[in-house]
Amino acid sequence: MIAGLSLPQKALPPKYFYDSKGSRLFEAICRLKEYYPTRSELALTRGRIGEIARFAGRRGSPGITLIEYGSGDSMKSRLLIEALRPSAYIPVDISEDALRNAAAGLRRRFPWLDIRAVYGDFSRPLKIPMAQGRGRRVVYFPGSTIGNLTPEDAHAFLRMTCAQVGPRGAMLVGVDLKKDANVLHAAYNDAKGVTAAFNLNLLARINRELGGDFKLRRFRHYAFYNAAPGRIEMHLVSLVPQTVNIGSHRFAFAPGESIHTENSYKYSVEGFRALARSAGFEGEKVWLDPKGLFALHGLVAA
Ligand code: SAH
Ligand code: AVI
């Protein structure tokens, strides 16, 4: 946080949005009428689950290990687990309460499933407790969380998962599509202000956990589509000249100066396939929701 707030363009990594309050706010975003990604991905997953499971590994084929990065409430994973019947499910998330609650719910629903929740940061090397000698490994990365990484970081992440699944191993990755900027704008500037609360919770979290003294009313949520890099940018804009303290560190803000808190990259089908290919995957399948807003890519490690 200190390093990010010391940059000429102040910037904080979006992974810190997700304390337990942030995860609850994200789940509220997913229910908003303007936020189409969750509904679109759920609709396409429900509608094509047979094909998706056939691609990932034959239903009931022995010993599939399903690893999910950024599993959150594991809502979409339930559909995949039902259809794929893996032997083991490894949800990985940086939000401990969300991860533990989701794992407890899944244990009740799928008592036959070996669930090994991993609380950690997937942008760093992580020890995944995989049983040796099992069947196919399948990595699931829904929600377009990959869009929150820069294309360079997404490339490095895909390379890592490519090595993790091994030759002919599969990855299913949800990716938000490029579209009319007005639709994007509405999704990240909802009328109820839930996205604004999600963004501002980052400052509240710094106050709670790091002894910061941000005055939330002196900052405004700002999100816009930046067409050249193809991403939504979220910022928190200082409304007044002010100084903020975090422990012994002081940060000055000019009026209008922002903290860049998130990128959410949008990809065309071809654009994402090219990125996946450069990381060692072949894009074998792609499923779109009926409105053509969101894509689920089925990748195979070359
Ligand atoms: N997969 C769910 C949740 C997406 S929200 C869905 O599709 O709806 C993004 C999730 O990724 C959150 O649960 C967040 O806690 C997690 N996350 C974000 N950055 C992370 C990181 N660096 N390491 C681990 N988990 C991360
Ligand atoms: C988790 N991630 C894919 C969300 C997104 O759309 O980039 C996070 C989010 N930010 C604002 N609204 C939702």
Side-chain angles (χ1 to χ4, degrees), residues 1-32 34-35 37-38 69-73 93-99 119-124 143-150 153 176 184-185 187-190 192-226 231-265:
M1 297 288 191
I2 302 298
L5 292 172
S6 307
L7 294 169
Q9 164 63 71
K10 295 176 172 67
L12 294 172
K15 64 186 176 191
Y16 295 123
F17 281 135
Y18 303 93
D19 61 353
S20 45
K21 178 152 186 222
S23 289
R24 282 200 303 276
L25 284 166
F26 176 73
E27 286 162 26
I29 289 175
C30 294
R31 294 190 291 270
L32 293 169
E34 297 97 328
Y35 194 72
T38 309
Y69 289 106
S71 46
D73 62 7
D93 209 288
I94 202 168
S95 187
E96 191 168 17
D97 291 348
L99 178 74
Y119 165 48
D121 179 350
F122 61 58
S123 61
R124 295 170 180 225
S144 204
T145 304
I146 198 158
N148 298 134
L149 309 180
T150 61
D153 289 347
D176 196 11
L184 291 169
H185 186 269
Y188 291 84
N189 291 281
D190 65 278
K192 287 188 178 152
V194 185
T195 310
F198 173 71
N199 199 2
L200 283 160
N201 178 55
L202 189 55
L203 304 185
R205 185 178 188 192
I206 295 177
N207 289 349
R208 283 194 293 272
E209 295 186 27
L210 302 176
D213 65 358
F214 279 102
K215 305 237 173 359
L216 270 54
R217 279 209 291 271
R218 294 186 180 172
F219 287 87
R220 180 173 69 85
H221 164 73
Y222 176 51
F224 66 98
Y225 185 61
N226 187 345
R231 68 191 191 201
I232 285 280
E233 290 187 20
M234 290 213 309
H235 293 252
L236 289 163
V237 181
S238 176
L239 295 172
V240 291
Q242 57 181 320
T243 304
V244 174
N245 299 288
I246 304 178
S248 58
H249 299 264
R250 283 171 79 78
F251 301 98
F253 287 85
E257 185 179 354
S258 79
I259 310 173
H260 186 176
T261 51
E262 187 182 65
N263 290 317
S264 193
Y265 282 85

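Note that the structure is a prediction, hence the values are computed from the model and not measured.
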- Query: Heavy atoms, side chains only, cut-off 4.5 Å: are Val194 and Leu25 in contact?
  - Reply: yes

- Query: Would Asp93 and Ser95 count as having a side-chain donor-acceptor pair, cut-off 3.5 Å?
  - Reply: no

- Item | Value rounded to 0.5 Å, distance of CG in Leu203 from CG in Leu216 | 5.5 Å

- Query: Say you draw a straight line from CD1 of Ile206 to CE of Met1; how long is it, rounded to the nearest 0.5 Å?
  - Reply: 4.5 Å

- Calculate, to the nearest 0.5 Å, the distance between atoms CE and CZ belonging to Met234 and Phe224 respectively. 12.0 Å

- Message: Donor-acceptor pair, distance only, cut-off 3.5 Å: does the side chain of Asp190 make one with the backbone of Thr195?
- Response: yes

Which donor-acceptor pairs under 3.5 Å do side chains of residues 3-13 form with protein atoms, sequence neighbours excluded?
{"unit_1": "Ser6", "atom_1": "OG", "unit_2": "Ile2", "atom_2": "O", "d": "2.6"}
{"unit_1": "Gln9", "atom_1": "NE2", "unit_2": "Ser258", "atom_2": "O", "d": "3.0"}
{"unit_1": "Gln9", "atom_1": "NE2", "unit_2": "Ser258", "atom_2": "OG", "d": "3.3"}
{"unit_1": "Lys10", "atom_1": "NZ", "unit_2": "Ala252", "atom_2": "O", "d": "3.0"}
{"unit_1": "Lys10", "atom_1": "NZ", "unit_2": "Glu257", "atom_2": "OE2", "d": "2.6"}

- Rounded to the nearest 0.5 Å, how far does CD of Glu34 lie from CD1 of Ile29? 10.5 Å

- Would you check, one step at a time, whether the test side chain to side chain contact (heavy atoms under 4.5 Å, CB included) holds for Asn189 with His221? CA-CA 8 Å; Asn189 291 281; His221 164 73; 3.7 Å; yes

- Message: Less than 6.0 angstrom separating the ring centers of Tyr18 and Phe198, yes or no?
- Response: yes

- Message: Please check this pair: side chain of Asn201 against backbone of Ala204, looking for a donor-acceptor N/O pair closer than 3.5 Å.
- Response: no

- Query: Given the side-chain rings of Phe219 and Phe214, with only the six-membered ring counted for Trp, is the space between their centroids under 6.0 Å?
  - Reply: yes

- Calculate, to the nearest 0.5 Å, the distance between atoms CG and NE2 belonging to Leu236 and His260 respectively. 10.5 Å

- Query: To the nearest 0.5 Å, what is the distance between CG (Leu99) and OG (Ser23)?
  - Reply: 9.5 Å

- Query: Could you walk me through whether Asp176 and Ser144 pass the side-chain hydrogen bond (donor to acceptor under 3.5 Å, both in side chains) check?
  - Reply: CA-CA 6 Å; Asp176 196 11; Ser144 204; 5.3 Å; no

- Identify the residue among Val240, Ile259, Thr243 that makes a side chain to side chain contact (heavy atoms under 4.5 Å, CB included) with Phe253. Ile259

- Query: Do the non-hydrogen side-chain atoms of Asn148 and Ser264 ever get within less than 4.5 Å of each other?
  - Reply: yes

- Message: According to side chain to side chain donor-acceptor pair (under 3.5 Å), does anything in residues 209-218 pair up with another residue at least two apart or in another chain? List the pairs.
- Response: Arg205-Glu209, Asp213-Asn245

- Note on the structure: In terms of heavy-atom contacts, Arg208 and Asp19 come closest through NH2-OD2, 2.7 Å

- Item | Asn263-Asn226 side chain donor-acceptor pair, cut-off 3.5 Å | no

